[in-house]
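Working notes, structure below.
Quick caveat: nothing in here was measured; it's all calculated off a predicted structure. Convention: sequence-line order gives letters A, B, ...; per-chain numbering from 1.
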Amino acid sequence: MGERQLTPAGGTVPLGREFFDRPAHEVAPDLLGRVLVYGPVALRLTEVEAYGLPGEDPAAHTYRGMTPRNAVMFGPPGHVYVYFTYGMHFCANLVCLPEGVGSGVLLRAGEVVAGIEIATARRSAGTGRGVPARDLARGPARLAVALGLTLEHNGLDACAPADGTLAVLEGEPPGADLIRSGPRTGVASGKETPWRFWIDGDPTVSPYRPHVPRRRRTS
DNA sequence: AGCTAGATTCGCT
DNA sequence: GCGAATCTAGCTT
């Protein structure tokens, strides 16, 4: 493979596995401003959410233990957990804590800093419409599309630069005064846990939507 | 075996 | 603002 595309804002140093070997709610705010690279596309993370331990965090996919879908979350830290939801969307997480513990950080939004043309093509494919730059990765499923992540990438190691093109670079983390936190978006339980973290004032942060129970289909 | 809710997004009203 | 698209997991018959 050729040189990984880097940007001045992205830095060049990949985060090591030890970065992810901590509780998700500690990793999450530290991920803001870091640069996630997959192939030709790179994005600066602006919004993330932490999901906690089996039996402790009712909003987490791992709350009730390991299943075929969430097995990657119980693997080693620094791998990517991709899941399929609402019958049509993919969302990506970075696994935290040692093997055997199911926990991770949902990647909710970012600013595309490399490969904008490719990301735009992916996001507008089939729609025949343009996509504003700030919307390219504004929302977890949009982020996955922009980066080109699908179920095929579930389990990929983001801490093995020699193996692939997926990595999280050091980047330029925002000052602590710019980091905000609040309740997680769209979760029914665990509303009181402020484990959504974002960069204050960044236009790529997704709008907050409180959980609303879906009305039952009218017969 | 069947039903419901979900870490969502898009297009139309 | 609302409905559709339609996979997965957990809980109920």
Side-chain angles (χ1 to χ4, degrees), chain A residues 23-25 27-29 31-32 36 43 45-74 79-97 102-110 112 119-155 181-198 204-219:
Chain A
H25 65 275
V27 173
L31 275 171
L32 295 175
L36 180 61
L43 56 84
L45 294 170
T46 58
E47 181 189 356
V48 297
E49 281 178 2
Y51 286 87
L53 303 177
E56 293 187 10
D57 183 3
H61 280 186
T62 58
Y63 181 56
R64 292 174 183 84
M66 189 163 66
T67 68
R69 179 170 76 151
N70 68 22
V72 168
M73 289 260 266
F74 289 83
H79 290 240
V80 61
Y81 163 55
V82 183
Y83 69 92
F84 191 52
T85 191
Y86 287 98
M88 59 191 311
H89 295 303
F90 299 104
C91 296
N93 301 247
L94 289 168
V95 176
C96 295
L97 292 174
S103 179
V105 175
L106 171 69
L107 309 176
R108 286 201 56 90
V112 175
T120 303
R122 287 171 175 162
R123 287 272 291 110
S124 60
T127 66
R129 310 159 88 96
V131 179
R134 76 182 49 174
D135 287 347
L136 284 174
R138 189 170 182 237
R142 291 166 163 183
L143 182 152
V145 171
L147 217 51
L149 294 177
T150 70
L151 271 191
E152 293 177 18
H153 306 94
N154 188 31
S181 67
R184 292 170 292 186
T185 299
V187 303
S189 44
K191 288 188 185 57
E192 63 294 331
T193 310
W195 280 359
R196 173 180 180 243
F197 302 90
W198 68 93
T204 65
V205 172
S206 68
Y208 175 71
R209 290 196 200 17
H211 171 73
V212 183
R214 280 207 298 170
R215 227 179 63 207
R216 255 217 284 120
R217 264 184 64 180
T218 57
S219 49

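- Nucleotide C:dT8 holds its P atom 10 Å from the CZ atom of A:Phe90, rounded to whole Å.
- A donor-acceptor pair under 3.5 Å links the side-chain atoms of A:Asn70 to the main chain of A:Thr67, judged by distance alone.
- The backbone N or O of A:Pro140 lies less than 3.5 Å from no partner atom in the side chain of A:Arg108, so there is not a single donor-acceptor pair.
- Note: CE (A:Met88) to P (B:dG11) measures 10 Å, nearest angstrom.
- The CG atom of A:Asn70 sits 15 Å away from the C1' atom of C:dC7 (whole-angstrom rounding).
- No contact: A:Met66 has no heavy atom under 4.0 Å from any strand.
- Nearest nucleotide to the A:Arg69 side chain, out of B:dT8, C:dG10, C:dT8: C:dT8.
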Checklist outcome for this item: Taking Watson-Crick and G-U wobble contacts under 3.5 angstrom, with | marking pairs to another strand and [ ] crossing pairs, the secondary structure of DNA chain B is written ||||||.|||||.

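- The distance between atom OH of A:Tyr51 and atom P of B:dG6, rounded to the nearest whole Å, is 12 Å.
- With rounding to whole Å, A:Tyr83 atom OH is found 12 Å from C:dT8 atom C1'.
- Rounded to whole Å, atom C1' of B:dC10 lies 10 Å from atom CZ of A:Arg123.
- Following rounding to the nearest Å, A:Leu149 (CG) and B:dA7 (P) show an atom-to-atom distance of 20 Å.
- For the pair A:Tyr63 OH and B:dA5 P, the computed distance is 18 Å after rounding to whole Å.
- Atom P of B:dT4 sits at a distance of 15 Å from the matching atom of C:dA4, rounded to the whole Å.
- Taking only side-chain atoms of A:Arg108, from C-beta outward, the nucleotide of C:dA9, B:dT8, C:dC11 with the closest atom is B:dT8.
- With B:dA7, C:dA9, B:dT8 as the candidates, the nucleotide lying closest to the side chain of A:Met73 is B:dA7.
- Counting heavy atoms from C-beta outward, A:Leu53 and A:Leu97 have side chains that approach closer than 4.5 Å.
- Below 30°, between 30° and 60°, or above 60°: for A:His25 and A:Trp195 the angle between ring planes is below 30°, a parallel geometry.
- Counting only distance, with no hydrogens or angles, the side chain of A:Arg123 and the backbone of A:Val145 share no donor-acceptor pair below 3.5 Å.
- Shown for residues 134-147 of chain A: residues whose heavy atoms fall under 4.0 angstrom of DNA chain B, namely A:Gly139, A:Pro140, A:Ala141, A:Arg142.
- Among the heavy atoms of the strands, none lies under 4.0 Å from A:Arg196.
- Both thresholds, 5.5 Å between centres and 30° between ring planes, are not jointly met by A:Tyr86 relative to the base of C:dA5, so the two rings are not stacked.
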